[in-house]
Amino acid sequence: LAQPNRRGLVLIGYRGCGKSTVGKIVSARLGRPFFDSDVEIAARSGRSIAAIFAEEGEPAFRDWEERTIAALVSDPPGAVLATGGGAIVREVNRSRIRDFGFVTWIRADPEELARRLEADAARLDTRPPLTERGTLAEIAHVLADRAALYHETADVSI
Ligand code: S3P
């Protein structure tokens, strides 16, 4: 509270919940820099997220994600950070995100997330399938695994 403007703002939540959209609006209103960890991973690796998944598998993508989040939270202070939907899976990311700032979990019903992801299929480069279940069943399954992690990381959920 002594330096409220230096506290970061982090958005977490499932794919399609609106982290990047909300993050851009909030950062513009507050005049703070905005970072999207998926965009940074693609820039740093020189590849799309789908290519990293396809060529090296999900664990290698999670390594990129961990390194990228570590870099983003060390500089600059006060930024708005939108994370990938699975960033909260690793404990080290959860703890870095919490140390960085105020964490908001953006929630939406699985049916709404599925509707948005299917409407946004052009983003398959950043959203390779996580399971072989199909959109709605995958969301229900993965969300059930992650809900407690989103909950424990967040200061508030909306
Ligand atoms: C993932 C979500 C994606 C991206 C990657 C993995 C996940 O981010 O990081 O495809 O595991 O939920 P968005 O939530 O920005 O789509």
Side-chain angles (χ1 to χ4, degrees), residues 8-28 33-73 79-98 100-101 103-158:
L9 292 172
V10 187
L11 300 166
I12 64 172
Y14 204 82
R15 293 169 157 180
C17 72
K19 301 179 295 280
S20 304
T21 304
V22 171
K24 282 178 199 155
I25 295 168
V26 168
S27 68
F34 172 69
F35 296 98
D36 184 319
S37 65
D38 287 337
V39 171
E40 292 294 319
I41 291 166
R44 285 159 191 256
S45 69
R47 283 180 296 170
S48 71
I49 287 166
I52 302 174
F53 266 74
E55 289 160 18
E56 294 178 59
E58 184 173 346
F61 170 75
R62 298 295 167 202
D63 291 340
W64 272 106
E65 185 171 54
E66 182 181 324
R67 286 194 296 273
T68 302
I69 288 173
L72 291 175
V73 299
V80 178
L81 173 61
T83 56
I88 44 66
V89 169
R90 289 197 177 174
E91 205 280 326
V92 65
N93 292 338
R94 296 200 295 279
S95 116
R96 284 179 179 144
I97 284 169
R98 289 195 56 82
F100 181 65
V103 185
T104 300
W105 174 20
I106 307 179
R107 306 170 68 172
D109 293 335
E111 291 75 16
E112 174 63 15
L113 295 172
R115 196 187 62 71
R116 292 186 199 169
L117 293 182
E118 276 166 6
D120 205 10
R123 279 203 46 193
L124 268 177
D125 61 328
T126 58
R127 293 186 178 133
L130 300 173
T131 65
E132 290 169 0
R133 293 165 185 262
T135 310
L136 186 56
E138 174 174 292
I139 292 170
H141 178 77
V142 176
L143 206 47
D145 274 353
R146 292 181 180 170
L149 302 176
Y150 288 127
H151 180 77
E152 76 165 65
T153 311
D155 292 294
V156 293
S157 73
I158 55 172

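Both ligands and their constituent atoms are indexed starting at 1 by order of listing. What you see is a predicted model; the values in this text were computed from it and never measured.
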Measuring from each atom of ligand 1, which residues have a heavy atom under 4.0 Å away?
Arg15, Lys19, Asp38, Ile49, Phe61, Arg62, Gly84, Gly85, Gly86, Thr126, Arg127, Pro128, Leu130, Arg146
Which pairs of donor and acceptor atoms, one on a side chain in residues 40-54, lie under 3.5 Å apart (sequence neighbours left out)?
from, atom 1, to, atom 2, distance (Å)
Ser45, OG, Ile41, O, 2.8
Ser45, OG, Arg47, N, 3.2
Ser45, OG, Arg47, O, 3.3
Arg47, NH1, Glu55, OE1, 2.9
Arg47, NH1, Glu56, OE2, 2.9
Arg47, NH2, Glu56, OE2, 2.6
Ser48, OG, Ala51, N, 3.0

For Glu111, what residues pass the salt bridge (Lys or Arg N to Asp or Glu O under 4.0 Å) criterion, not counting sequence neighbours?
none
Checking Asp38 against Thr126: is there a side-chain donor and acceptor pair closer than 3.5 Å?
no
Taking atom types as modelled, is there a side-chain donor on Glu118 or Thr135 under 3.5 Å from an acceptor on the other?
yes
Should the pair Arg62 and Trp64 be classed as cation-pi, given the thresholds of under 6.0 Å to the six-membered ring centre and 45° from the axis?
no
Solution key, residues 151-158 side-chain donor-acceptor pairs under 3.5 Å, sequence neighbours excluded:
from, atom 1, to, atom 2, distance (Å)
Glu152, OE2, Arg94, NE, 3.1
Thr153, OG1, Leu149, O, 2.6
Asp155, OD2, Val103, N, 2.8

